[in-house]
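Structure, as structure tokens:
If you're wondering where the values come from, they're calculated on a predicted model, not measured in any experiment. The analysis underlying the following values was restricted to heavy atoms, covering all of them including side chains, and did not include hydrogens, waters or symmetry mates. Read the numbers this way: they start at 1 and go in the same order the structure lists the ligands and their atoms.
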Amino acid sequence: MVHLARVKTDKEVAPSNRQFETLPAPDENDFYTNVYGSHFAADHLNHNEMPEREMPRQIAARMIKDELSLDGNPKLNLASFVTTYMEEEIEQIMTDSFSKNFIDYEEYPHSAEIQNRCINMIARLFNADTSDENAMGTSTIGSSEAIMLGTLAMKKRWQNKRKAEGKDFSRPNIIMNSAVQVCWEKAARYFDIEEKYVYCTETRFVIDPQQAVDLVDENTIGICAILGTTYTGEYEDIKAINDLLVERDIDCPIHVDAASGGFVAPFIQPDLKWDFRLEKVVSINVSGHKYGLVYPGVGWVVWRSPEYLPKELVFNINYLGADQASFTLNFSKGAAHVIGQYYQLIRLGKNGYRSIMTNLTRIGDYMSSELEKMGMIILSQTKGKGLPLVAFRLPPSSERVFDEFAVAHQLRERGWIVPAYTMAPHSEKLQLMRVVIREDFSMTRCDSLLQDFKLALQTLESMDQAMIAKYQVHMKSHRAQPKHQHTHTHYKDEKHSLQGKTGKTHGVC
Ligand SMILES: *Cc1c(COP(=O)(O)O)cnc(C)c1O
């Protein structure tokens, strides 16, 4: 039983006596009613104006909880790489750390120390040469911030070099695959760097190393190479780019976007050379909240050596008499996620990560082979050659009247979130679907999905052309569902990004 005091609504509080208003004695019903018996449950709340008066905490909490229950179930969201499971022990510690501001090094020196331990462990996992010094790096909110920092460092270093040579430094450019994650486009636009793309083709969805290196000119600040593309999970051939740069004696750094692959490849393919073992790789980012196995809000960027992180970008913050270097875009942030990362690193150890990533790879391989048996065309890799995900499309057919988007919609009706999307620019005629295999996606869950996938196909196959047409109209109007668009009308026709242009890539992250 929740005891509630009667709170007057805005309408009931007359303007003249508002100032001196005291709460009337609650009538019996108001005092003993539960959340749904209170007037709040039947009121239309104004969502755009902060209410004048308080509401009881149980009611506020229940209303928010009820509204959020209409969101998708994160565990059935196979569109995302982002962690949806952590152990209770660390959940409790993270909750206890909510009130710690990570940047207050002086007050929370141990949180700062824990970050430094994580950086050292991650840099060593990526084979940085850290003989005795601490590794160079920082925690971030995610790979996006990490990539912004990596890009800024490459830009600054290039500018310093050009200045020293007395050359123009006003037109920096960066080379990347058209299948980059949107944060690379942001980084380039925000920091005034020209984007030079190596485009995908109908059969190649990763960067072509030769083309990438051919694009390098005196204004190139660096090449971005992806360890696990968002579209198909394939690893780009970073060694080939490195070797071409070395062979041609070109002074151009590589930044590896290992947002998803950074915590997979070292355990599944330890001999794959993609990291600091390659001399041209100067910086690497990884999302702690993807295969780093932490809830959303943490990423990492590490540099090969101080030479690649120009001094003018780093600020020293004094704590307990010692300086802590700080290189971030924001100032305050919670300490909980850095602590969560540390827990995973020491709790699981290399063996723990290896076991998990091996299981995910196996489940992915099983799913690939089952989908293949159903006639699907698999576009992702198996046996650990890429990320543990399955990207696939329907077999070409002149008779079939539905596409991948219709299948995604059918699955959604069964609770599963499996995105359909179009490939990166220049290969966007290709439509595909993707299932990301995450830690909490066990074989049992995989079997349920396969079962529902079969049912979805059967349902669609039983529909005739007219029904499908009607269905697709229904699908379009329900695709983004919310009543409120997330975009302000002024910005809704955004055409400048690669993703914006193809227009159909949504819900993939
Ligand atoms: C997810 C992802 C990003 C963005 O990372 P966040 O941690 O979500 O900011 C960048 N690049 C790639 C390849 C990704 O998969």
Side-chain angles (χ1 to χ4, degrees), residues 74 77-84 118 122 126 137-152 174-190 195 197-198 200 205-207 222-238 254-265 274-275 281 283-302 328-330 333-334 337-338 340-341 344 360 380-381 386-391 419 421 423-424 434-438 497-499 505-509:
N77 177 8
L78 306 179
S80 173
F81 289 101
V82 175
T83 301
T84 50
C118 291
I122 292 168
F126 298 165
T138 183
S139 69
T140 58
I141 294 295
S143 278
S144 300
E145 187 191 4
I147 285 165
M148 306 266 167
L149 298 176
T151 304
L152 276 175
I174 188 163
I175 295 163
M176 51 199 178
N177 180 355
S178 63
V180 282
Q181 212 266 359
V182 64
C183 67
W184 281 99
E185 295 181 68
K186 281 191 183 175
R189 306 285 162 89
Y190 291 179
E195 297 144 70
Y197 287 109
V198 174
C200 292
F205 314 123
V206 284
I207 204 164
I223 299 175
C224 149
I226 314 167
L227 193 77
T229 69
T230 329
Y231 291 86
T232 58
E234 288 168 273
Y235 297 155
E236 297 197 315
D237 194 345
I238 302 161
I254 300 172
H255 174 100
V256 181
D257 178 357
S260 299
F263 279 109
V264 180
W274 62 273
D275 54 18
V281 172
S283 45
I284 300 173
N285 69 274
V286 63
S287 294
H289 53 223
K290 291 185 177 174
Y291 290 108
L293 308 178
V294 184
Y295 290 141
V298 67
W300 302 92
V301 54
V302 283
T328 50
L329 295 182
N330 57 307
K333 71 166 178 182
H337 293 81
V338 169
Q341 182 74 76
Q344 294 292 40
L360 301 188
S380 46
Q381 310 248 298
L387 296 174
L389 62 80
V390 187
Y421 52 106
M423 266 315 258
R434 189 191 72 185
V435 174
V436 174
I437 316 290
R438 276 196 318 264
S497 76
L498 287 168
Q499 273 83 359
T505 304
H506 57 89
V508 209
C509 46

For [X], the ligand 1 atoms whose distance to one of its heavy atoms is below 4.0 Å:
| X | value |
| --- | --- |
| Gly142 | 7 (O), 9 (O) |
| Ile226 | 13 (C) |
| Ser144 | 4 (C), 5 (O), 6 (P), 9 (O) |
| Ser260 | 15 (O) |
| His289 | 6 (P), 7 (O), 8 (O) |
| Cys183 | 10 (C) |
| Ser287 | 5 (O), 6 (P), 7 (O) |
| Lys290 | 1 (C), 2 (C), 3 (C), 5 (O), 14 (C), 15 (O) |

Heavy-atom nearest neighbour of atom 3 (C) of ligand 1 within options Gln181, Lys186, Glu236: Gln181
Check: of Val286, Asp257, Leu387, Thr140, min heavy-atom distance to atom 13 (C) of ligand 1 comes from Asp257
To the nearest 0.5 angstrom, please state how far the [atom1] atom of [X] sits from the [atom2] atom of [Y].
| X | Y | atom1 | atom2 | answer |
| --- | --- | --- | --- | --- |
| Asp257 | Ser283 | CG | OG | 10.5 Å |
| Leu78 | Arg434 | CG | CZ | 10.0 Å |
| Ser380 | Ile437 | OG | CD1 | 9.0 Å |

Side chain or backbone of [X] under 4.0 Å from ligand 1, or both, or neither, by non-hydrogen atoms?
| X | result |
| --- | --- |
| Glu145 | neither |
| Val82 | neither |
| Ala259 | side chain |

Would you name the heavy atoms of Val286 and Ser143 that are closest together and state the gap between them? C-OG, 3.3 Å
I'd like to check whether Ser143 has a polar contact with ligand 1, where a contact means an N/O of the residue lying under 3.5 Å from an N/O of the ligand. yes
Would you check whether Trp184 has a nitrogen or oxygen atom less than 3.5 angstrom from a nitrogen or oxygen atom of ligand 1? no
Non-neighbouring partners of Asp275 that pass side chain to side chain contact (heavy atoms under 4.5 Å, CB included), sequence neighbours left out: Phe126, Asn127, Arg277, Ile284
Contacts of type side chain to side chain contact (heavy atoms under 4.5 Å, CB included), residue Thr83, not counting sequence neighbours: Met86, Tyr295
Which class fits the ring pair Phe81 and Tyr291: parallel under 30°, tilted 30 to 60°, perpendicular over 60°? perpendicular
Ignoring hydrogens and geometry beyond distance, is a side-chain donor-acceptor pair present between Asn177 and Glu236 at under 3.5 Å? yes
Compute whether any side-chain donor of one residue and acceptor of the other, for Thr328 and Lys333, lie under 3.5 angstrom apart. no
With a 3.5 Å distance limit and no angle check, can you tell me whether Glu195 reaches the backbone of Glu185 through a side-chain donor-acceptor pair? no
